[in-house]
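Please read the structure below before turning to the comments.
Every chain is numbered from 1 and lettered A, B, ... according to where its sequence line falls, protein lines coming before strand lines.
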Protein chains: 2
Amino acid sequence: MELPEAKQKFIEAWGKLGSEWGINRTMAQVHALLLITPDALTTEEIMEALSISRGNVNMTVRDLINWGLVEKQLRAGERKEYFYADKDTWNIARQVAKERRKRELDPVIKILDELVKVEGDKKDPAYKTFHKSVTDINKLAKNVDKTLETMIKADESWFWGSILKIFK
Amino acid sequence: MELPEAKQKFIEAWGKLGSEWGINRTMAQVHALLLITPDALTTEEIMEALSISRGNVNMTVRDLINWGLVEKQLRAGERKEYFYADKDTWNIARQVAKERRKRELDPVIKILDELVKVEGDKKDPAYKTFHKSVTDINKLAKNVDKTLETMIKADESWFWGSILKIFK
DNA sequence: TCGAACTTTCAAAATATATTGAAACTCAAT
DNA sequence: ATTGAGTTTCAATATATTTTGAAAGTTCGA
């Protein structure tokens with residue numbers, strides 16, 4: 001396989017994975033493109049490389065910046081903005097974990113905490129089942145939450161070293 | 001908060017979380033409903049509880065069965081089918097991990113393995129960056145893959161015990 | 001203050017995804 | 001072989017999400 005084809009495959013694969021995980025396909029593709037590009041790209045270049053509109057690039061890149069995955073670079077004497085993706089995979093993973101935890105896991109845990117407190121007739125199977133499921137899911141969610149927190153703070157080799165040691 | 005309201009909240013929260021994670025909202029809601037219901041429900045009852053059509057219930061429930069989260073129960077002397085959700089949270093988590101690994105992570109790893117092999121000019125920054133990003137992501141994906149495999153095989157208390165011990 | 005170079009916005013259009021509902025199908029009892 | 005209680009299918013429809021592109025906005029040098 002030649003490089004241009006391989007790049008295309010990578011962008012496609014990343015886009016597909018993204019969309020399966022609730023991340024806009026185009027956002028994942030722009031990210032993929034920037035990841036495999038050594039230097040920062042302009043809006044124009046991204047439009048060209050992925051055949052998408054100016055407006056779309058603008059919004060997508062803004063999202064990537066909000067996720068902490070891309071930075072805007074300004075060059076002395078130029079009006080154009082350049083976009084550059086952090087290439088450190090561990091940073092990327094952590095950043096994604098951090099954002100999704102904040103946006104999705106935290107709110108759910110908050111609701112579950114409320115629901116665990118709901119009182120009811122301890123003889124009523126409907127109540128018992130509700131209460132047990134909510135309590136169990138809450139525990140699971142909190143374990144995931146703690147694990148993510150550790151991951152977010154951790155150094156890569158330490159983290160995987162510890163995790164992978166679990167099954168020797 | 002009273003039980004009926006709490007149930008509603010739970011179904012909504014689960015549906016929202018599902019849709020943020022690439023799982024059809026209705027599927028997540030039906031799952032939520034079954035999780036907090038002590039006994040198995042019929043198509044009719046699910047339609048009623050969630051105000052959705054018969055066709056939708058049928059397809060959604062089939063998906064849940066394919067995911068290994070719900071089972072069909074038949075009762076002697078009755079033509080109707082009853083649907084029952086496994087209430088063991090750890091089983092659910094494992095089952096979801098297993099399915100998503102198979103459907104999404106495995107194919108990506110296969111592509112990454114191909115892309116890592118792509119040869120190019122070692123002096124070319126475009127090639128160097130491509131190769132490094134692909135290689136790094138491949139390593140990360142393989143670590144996740146191994147961790148999921150461990151989780152899928154593991155017993156709950158052992159797994160979380162080991163993971164949470166990591167940060168004492 | 002003008003205008004060229006560039007960015008941002010957002011209503012409208014395109015696309016993708018989910019849902020409906022009625023017809024077709026299955027199956028067992030009569 | 002017909003009926004009726006149920007399930008399944010899927011074209012049509014509805015809904016949600018993404019994308020476009022042109023107009024409005026910004027910034028800066030002349």
Item to complete: Using atom CZ of R54(B) as one end and atom P of dC25(C) as the other, report the distance to the nearest whole Å.
Response: 18 Å
Worksheet item: What integer distance in Å separates E81(A):CD from dC28(D):C1'?
Response: 14 Å
Discussion item. Measuring from atom CH2 of W160(B) to atom NZ of K146(A), what distance do you get when rounded to the nearest 0.5 angstrom?
Written reply: 9.5 Å
Discussion item. Rounded to whole Å, how long is the line connecting atom CZ of R25(B) with atom C1' of dT20(C)?
Written reply: 15 Å
Worksheet item: Which part of the nucleic acid does R62(A) contact within heavy-atom distance under 4.0 Å: base, sugar-phosphate only, or nothing?
Response: sugar-phosphate
Worksheet entry | Which nucleotide in dT20(D), dG21(C), dT19(D) has an atom nearest any side-chain atom of S53(B) | dG21(C)
Fill in: Whichever of G55(B) and R79(B) has its nearest DNA chain C nucleotide further upstream toward 5'
G55(B)
Worksheet item: Is a side-chain donor-acceptor pair under 3.5 Å present for Q29(B) with T26(B)?
Response: no
Practice prompt. Mind calculating the distance between CD (E78(A)) and C1' (dA4(C)) to the nearest angstrom?
Written response: 15 Å
Practice prompt. By nearest nucleotide on DNA chain C, pick out whichever of N56(A) and N56(B) is the more 5' one.
Written response: N56(A)
Practice prompt. Identify whether the distance between the nearest side-chain nitrogen and carboxylate oxygen of R94(B) and D86(B) falls below 4.0 Å.
Written response: no
Worksheet item: Where the side chain of T26(A) is concerned, which of dT18(D), dC10(D), dT8(D) is the nearest nucleotide?
Response: dT18(D)
Worksheet item: Can you check whether T43(A) has a side-chain N or O nearer than 4.0 Å to OP1 or OP2 of dC6(C)?
Response: no
Practice prompt. Verify the distance criterion only: is there a donor paired with an acceptor across the side chains of N91(A) and T89(A) at less than 3.5 Å?
Written response: no
Item to complete: Please state how far atom CG in L50(A) lies from atom C1' in dT19(D), giving the value in whole angstrom units.
Response: 13 Å
Worksheet entry | Euclidean distance, atom CD1 of residue I52(B) to atom P of dT8(D) [Å, nearest integer] | 15 Å
Worksheet item: Can you tell me if the side-chain N/O atoms of N58(B) get under 4.0 Å from OP1 or OP2 in dT8(D)?
Response: yes
Worksheet item: So does E5(B) pair up with K9(B), basic N to acidic O under 4.0 Å?
Response: yes
Practice prompt. Could you check how far CE of M27(A) sits from C1' of dT18(D), rounded to whole Å?
Written response: 14 Å
Practice prompt. Compare side-chain N and O positions of K80(B) against OP1 and OP2 of dG4(D) and report whether any pair is under 4.0 Å apart.
Written response: no
Worksheet entry | Nucleotide dC28(D), atom C1' - distance to CZ of R75(A) in whole Å | 20 Å
